Structures are given as C-alpha cells and as structure tokens.
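All of these numbers come straight from a predicted model, not from anything done at the bench. Ligands are counted one by one from 1 in listed order, and the atoms in each one are counted from 1 as well.
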Amino acid sequence: MTLSPIVDSIRKIVRGEVLEREPLAKHTSYRIGGPALALVYPMDVEDACAVIEASRRAGARVIVLGHGTNVLFCDEGIDAIVMKTTRMRDIRVEGRRVWAQAGASLSRVLQIAMEHGLSGAEFMAGIPGTVGGAVAMNAGTSAGSMASVTRQVTVIESRNGLKVTHLAAEQAGFRYRGTRILDEGMVVTDASLELAQGDAAEIRRRTDELLESRRRTQPLDLPSAGSVFKNPPGCAAGRLIEEAGLKGACRGGAMVSPVHANFIVNTGGATASDVLALVEDVRSRVRERTGIELETEIKIVR
Ligand SMILES: Cc1cc2nc3c(=O)[nH]c(=O)nc-3n(C[C@H](O)[C@H](O)[C@H](O)COP(=O)(O)OP(=O)(O)OC[C@H]3O[C@@H](n4cnc5c(N)ncnc54)[C@H](O)[C@@H]3O)c2cc1C
C-alpha cells in the first residue's frame, strides 16, 4: 500500500523501481541514515527526467545518489525523493574514449579501461563511487582527478524547466572536490572520458600499487565516507587532525580513525548525530590550535 500521494504520482510515470520510506542506511557506505519519502531507480535519462518532473509537481525535493560513499544522511530521514542512478550503468569504449552512464562504478570503468590498454584512469583505483558522483565531486587523488580525464558531461538542468544539456569539460567548472554541476544542482546522466593508449601490464601494476597503498593507509575494514574534510590550501587535513591529538577520539559509535585521521569511521551503531558531533569537535580543536577552519568534503543531507 502506498502511503504518500507523491509516491503514487511518481509510480504512475516512472518505469524504474520505487521504494517507499526506504532507509538510506542501506544505500550509504556509512550505513547511516533514516528513510527518504521514496528511493527511485531511474532506468534511463527519460526516466530520470520523469522522476524530477513528478517530484517537482508534487513539491518534493529530489536528491541524486550514486553509491552513497560521500554522503551523510540525518537519522530522522529526509523529506525528499532520492534518485539512485545505479541502474544506469552502461559503459562503451570507442578508441581512446570511454563513455559511461552516471551509475557505472569507477572500478568497472577502470577495469574496462585496463582491458583496452587505456591509461589515465588509474587514480580511480579504490575510489568506491559512481561516475556521476565522481564527476559532480571532481573525485580524485594526487594521481589524477575526474577533471583530468572528462571531456563531456550530459546533465539534466532543472532551474528553468527541464533540459538535457551536453557540457564540455570547461563548462563543468571543475575545481578541488567540486563543480558547477554540484553548485547548480544538475544531474549527471553520462560522461565521456578521454584516456591515453598505454600498456595493460603497466596499468595493472600502477593500479595494484595504488590499491596496496590505500590498504596500508586507510581504515577500509570499517564503514566510512572517505576523507571527511577537504585539505586546506598547502596542508593535509589529516595531519592537522592528527597533530591536534584527535586520532581515536569518539562520539557514540563514531571515531576518528587511528589509521587515518581524516576518516571518521562507524565502529558499529553510529548515528549521523554522532558523526556530526565529532565533526564539530574536530573542527573546533583544529580551529583553536591553528586558526584554520576545516571545510567538510562529505555532503551532509538533512
Ligand atoms: C573508503 C573510501 C575512500 C574514498 N577515497 C576517495 C578518494 O581517494 N578521492 C575522492 O575524491 N573521494 C574518495 N571517496 C569519496 C567518494 O567515493 C567519492 O567522492 C565518489 O566520487 C562519490 O561517488 P558516489 O557515487 O558514491 O556519490 P554519492 O556519495 O552518492 O554522492 C556524492 C555527491 O554527489 C552528488 N551526486 C551523486 N550522483 C550524482 C549525479 N549523477 N549527478 C549529480 N550529482 C550527483 C550527490 O547528490 C552528492 O552531493 C572515498 C570514499 C570512501 C568510502
């Protein structure tokens, strides 16, 4: 039985699955988050437009979600429709171009690039997100970022009516862990990446090296959303947090990882309130010690 008329109206026009009052903890790497009004899996661009259109007409907010590896949803849940892209996950290779839908995982893109002897995507090794989330966040590491490989992005703009637009990389406004796409609430539906011809064995070696380095330096055995804070100009947030003596600091089930100080891990049963309290503890201790105001990289959705 449908509880909400909004969900009813979405069900009528969307082809993909619609899960009413779906707990978001099941859809985030933190394993945290109360229910959304509904979680919808669009099948393609048209379906994604239909979700946005129907939600808008019903006055409901739409939040787009990939693998949920960079978000913290509040415990009470959110009065919004969550549109999860993971059933839009086709990938095609044409020469040095890799075209991928928003819900394709970065690990699959990297795997396919490797099989075609294409290099440049190795930085994706161990980043657990989707192409859409990664483009929107300009995900990356010191080895590269989405900005360095993305040539074109297809987005749904919804500011003045719905419009599907192709953005050249320069129009996407890539910057450190952000884009114009994120700022303006556009929805990425696919992206075209340009890679370089390389040697498959060398790409494999480099990828393995990066994965091994993550295993050594990151707490991959506990739920997290990766780095919580952006690095301030010229220094690493993790180092500032470690120097403030905060490794191992806890609030409820949330803990500043003793392995990597910029990770707040869920040690079991952590709530969003626990994580947020710890985020504030870290921010104020670092501010008191250094005068630097840490900015969160993770997206907090209330
Ligand atoms: C163990 C671990 C390691 C990590 N390492 C790194 C790292 O090295 N570098 C790094 O940059 N990140 C890292 N992350 C963070 C995260 O994996 C990346 O930011 C990733 O790109 C997020 O993708 P996602 O699909 O999970 O996005 P989500 O978490 O689902 O969403 C993140 C944001 O992007 C928006 N979004 C999602 N999909 C779309 C779309 N299709 N169109 C428009 N907006 C969208 C969401 O609304 C949200 O604001 C790590 C996370 C974990 C858990």
Quiz item: For the side chain to side chain contact (heavy atoms under 4.5 Å, CB included) test, which of Ile63, Val14, Val40, Val62 pairs with Ser55?
Solution: Val62

Practice problem: Hey, could you give me the CZ/CD distance between Arg206 and Glu209, rounded to the nearest 0.5 Å? | Solution: 5.0 Å

Quiz item: Does the pair His260 and Thr217 meet the rule for a side chain to side chain donor-acceptor pair (under 3.5 Å), with working shown?
Solution: CA-CA 6 Å; His260 189 314; Thr217 57; 6.0 Å; no

Practice problem: Starting from atom 37 (C) of ligand 1, locate the nearest protein heavy atom and write down its residue, its atom name and how far away it is, to 0.1 Å. | Solution: Gly133 CA, 3.5 Å

Quiz item: In the protein, what heavy atom is nearest to atom 29 (O) of ligand 1, and what distance, to one decimal place, separates them?
Solution: Asn70 N, 2.8 Å

Self-check item: Among Gly68, Gly140, Ala125, Gly132, closest by any non-hydrogen atom to atom 9 (N) of ligand 1
Solution: Gly140

Self-check item: Subset of ligand 1 atoms that lie under 4.0 Å from at least one heavy atom of Ala225
Solution: 51 (C), 52 (C), 53 (C)

Quiz item: In the protein, which heavy atom is nearest to atom 23 (O) of ligand 1, and how far is it?
Solution: Gly129 CA, 3.3 Å

Practice problem: Give the minimum heavy-atom separation between Asp47 and Pro42, together with the two atoms involved. | Solution: OD2-CA, 3.6 Å

Quiz prompt | Met137 N/O under 3.5 Å from ligand 1 N/O | solution = no

Exercise. To the nearest 0.5 Å, tell me how far Leu65 CG sits from Ile81 CD1.
Key: 13.5 Å

Quiz prompt | Nearest-neighbour protein heavy atom for atom 43 (C) of ligand 1, which is reported as residue plus atom name and distance | solution = Met186 O, 3.3 Å

Practice problem: Using distance alone, decide if ligand 1 has a nitrogen or oxygen within less than 3.5 Å of any nitrogen or oxygen in Arg177. | Solution: yes

Exercise. Verify the distance criterion only: is there a donor paired with an acceptor across the side chains of Asp190 and Thr154 at less than 3.5 Å?
Key: yes

Quiz item: Nearest protein heavy-atom contact for atom 41 (N) of ligand 1: which residue, which atom, what distance?
Solution: Val188 O, 3.1 Å

Practice problem: Taking only heavy atoms of Leu65 into account, list the atoms of ligand 1 that are under 4.0 Å away from them. | Solution: 30 (O)

Exercise. Run the contact test for Met146 against ligand 1 with a 4.0 Å cut-off on heavy atoms, strictly below, and give the result.
Key: no

Self-check item: ligand 1 to Ser224 polar contact by distance, N or O atoms, under 3.5 Å
Solution: no

Quiz item: Which part of Ala136 is near ligand 1, with near meaning a heavy atom under 4.0 Å away: side chain, backbone, both or neither?
Solution: side chain

Quiz item: To which protein heavy atom is atom 1 (C) of ligand 1 closest, and what is the distance rounded to 0.1 Å?
Solution: Leu220 CD2, 3.8 Å

Practice problem: Flag yes if more than 12 heavy atoms outside Glu94 fall under 6.0 Å of its CD atom; otherwise flag no. | Solution: no

Quiz item: Counting from 1, what ligand 1 atoms have a heavy atom of Ala102 closer than 4.0 Å?
Solution: 41 (N)

Self-check item: Spacing of Asn262 atom CG and Leu294 atom CG [to the nearest 0.5 Å]
Solution: 8.0 Å

Quiz item: Is there any N or O on Val64 that sits under 3.5 Å from an N or O of ligand 1?
Solution: yes

Quiz item: For atom 30 (O) of ligand 1, what is the nearest protein heavy atom, given as residue, atom name and distance?
Solution: Gly66 N, 2.7 Å

Practice problem: Find all atoms of ligand 1 within a distance of less than 4.0 Å from any non-hydrogen atom belonging to Pro128, and give their numbers and elements. | Solution: 2 (C), 3 (C), 4 (C), 17 (O), 50 (C), 51 (C), 52 (C), 53 (C)

Quiz item: Does the side chain of Thr165 come under 3.5 Å of the side chain of Glu157 through a donor N or O and an acceptor N or O?
Solution: yes

Self-check item: The one among Gln218, Arg214, Glu297 that brings a heavy atom closest to atom 5 (N) of ligand 1
Solution: Arg214

Quiz item: Around atom CZ of Arg89, are there more than 12 heavy atoms of other residues, nucleotides or ligands at under 6.0 Å?
Solution: no

Self-check item: Under 4.0 Å to a heavy atom of Val187 - the qualifying atoms of ligand 1, by number
Solution: 42 (N), 43 (C)

Quiz item: Nearest protein heavy-atom contact for atom 22 (C) of ligand 1: which residue, which atom, what distance?
Solution: Thr69 OG1, 3.4 Å

Self-check item: Residue portion contacting ligand 1 (non-hydrogen atoms closer than 4.0 Å) for Lys299
Solution: side chain

Practice problem: Evaluate the side-chain contact (heavy atoms from CB on, under 4.5 Å) criterion for residues Met124 and Val109: first the C-alpha distance (whole Å), next the side-chain angles of each, then the deciding distance (0.1 Å), finally the verdict. | Solution: CA-CA 9 Å; Met124 295 177 192; Val109 168; 4.0 Å; yes

Self-check item: Closest non-hydrogen atom pair, Ala58 against Ser9
Solution: CB-OG, 4.3 Å

Quiz item: Which ligand 1 atoms, with their elements, are less than 4.0 angstrom from a heavy-atom of Thr141?
Solution: 8 (O)

Quiz item: Have Ser192 and Arg97 got a donor and an acceptor in their side chains that come within less than 3.5 Å?
Solution: yes

Practice problem: Can you measure from CG (Leu246) to CZ (Arg285) and round to the nearest 0.5 angstrom? | Solution: 4.5 Å

Exercise. Report the member of Ile127, Val153, Val71, Thr86 with the shortest heavy-atom distance to atom 6 (C) of ligand 1.
Key: Ile127

Quiz prompt | Evaluation steps, side-chain contact (heavy atoms from CB on, under 4.5 Å), between Val275 and Tyr30 | solution = CA-CA 10 Å; Val275 176; Tyr30 250 139; 3.9 Å; yes

Quiz item: Under 3.5 Å, N or O to N or O, is His67 touching ligand 1 that way?
Solution: yes

